[in-house]
Amino acid sequence: AQTVTQSQPEMSVQEAETVTLSCTYDTSENNYYLFWYKQPPSRQMILVIRQEAYKQQNATENRFSVNFQKAAKSFSLKISDSQLGDTAMYFCAFMKDTGANSKLTFGKGITLSVRP
Amino acid sequence: DTGVSQNPRHKITKRGQNVTFRCDPISEHNRLYWYRQTLGQGPEFLTYFQNEAQLEKSRLLSDRFSAERPKGSFSTLEIQRTEQGDSAMYLCASSQSAKYGYTFGSGTRLTVV
């Protein structure tokens, strides 16, 4: 079974600064996908960024980038130029690449607060 | 594309009552998922449909839980004889190709009193 660990329950960052959210996972699979989801207060969860395990290049989406270390089973999210709207819970998630089995396994999440 | 719609948004019920939630996925998405999220935790997988077929069901789902997706369109999740431990946010998500991620609904918050 896969597990996803987010060991930091809360983080805080000053507006316009950079913050990194940590995530580790455990799997015996070689091919899989990793995701970061954002859940703003009382709003729906949205996809921030995804990474395919067979790609060495780290994914980037505007101010969001990841540091994917496959051997270390680490998948951190870097948010640059933090904005007030980035305040949310962030979840790291894992999905096996087996076609029929497409469920996501989530970590417990981290609450990020961006200070003005 | 109006996104994934879930109804009701909130439900308060007395212990022992039955409740049913509805999820309308994005129309072209053939995969539909139900997750449960308790306060301060990440979502936990409950069950998943590909079209009308229920392909996987979590061990978290006791016999009191049942889900359907007739005709591969909307889905319902029913909880019979609710217990206080069933209080949670129930999330529905859909996808066309899961490896690109899901689209989530806003959830149904269930409170059992």
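Side chains are part of it too, since the values below use all heavy atoms of this structure and drop only hydrogens, waters and symmetry mates. Letters A, B, ... mirror the listed sequences (proteins, then strands); counts begin at 1.
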Side-chain donor/acceptor of [X] to backbone N/O of [Y], under 3.5 Å:
| X | Y | answer |
| --- | --- | --- |
| B/E78 | B/N18 | no |
| A/R50 | B/K99 | yes |
| A/Q51 | A/Q57 | yes |
| B/Y102 | A/L104 | yes |

**OP:** Evaluate the side chain to side chain contact (heavy atoms under 4.5 Å, CB included) criterion for residues A/Y90 and A/I79: first the C-alpha distance (whole Å), next the side-chain angles of each, then the deciding distance (0.1 Å), finally the verdict.
**Re:** CA-CA 11 Å; A/Y90 287 81; A/I79 306 174; 4.0 Å; yes
Original post:
Does B/E83 pair with B/R81 as a salt bridge, N-O distance under 4.0 Å?
Top reply: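 Looking at B/E83 and B/R81, the cut-off is not met.
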Subject >> Option that, when pairs with chain A are counted at under 4.5 Å, heavy atom only, ranks first among B/A93, B/G101, B/P43 >> reply: B/P43
Original post:
Between A/S102 and B/Y33, does any side-chain donor sit less than 3.5 Å from a side-chain acceptor?
Top reply: yes
Original post:
Among all residues two or more places apart in sequence or in another chain, which pass the side chain to side chain donor-acceptor pair (under 3.5 Å) test with B/Y100?
Top reply: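 In terms of side chain to side chain donor-acceptor pair (under 3.5 Å), with neighbours along the sequence ignored, B/Y100 is linked to no residue.
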**OP:** Assess whether atom CZ of A/R63 is packed by more than 12 heavy atoms of other residues, nucleotides or ligands within 6.0 Å.
**Re:**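 More than 12 heavy atoms, drawn from other residues, nucleotides or ligands, come within 6.0 Å of this atom.
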Original post:
For chain B, which residues from residues 105-116 of chain A have at least one heavy atom closer than 4.5 Å to it?
Top reply: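 Checking residues 105-116 of chain A against chain B gives A/F106, A/G107, A/K108.
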Original post:
For chain B, which residues of residues 24-44 of chain A have at least one non-hydrogen atom nearer than 4.5 Å to it?
Top reply: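 Counting heavy atoms that sit under 4.5 Å from chain B, the residues of residues 24-44 of chain A involved are A/Y33, A/F35, A/Y37, A/Q39, A/S42, A/Q44.
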Sequence neighbours left out, cut at 3.5 Å: what donor-acceptor pairs do the side chains of residues 104-113 of chain B make with other protein atoms?
from: B/T108; atom 1: OG1; to: B/P8; atom 2: O; distance (Å): 2.5

Original post:
Which atoms of B/Q37 come close to chain A, meaning under 4.5 Å heavy atom to heavy atom: side chain ones, backbone ones, both, or neither?
Top reply: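 Just its side chain gets close to chain A.
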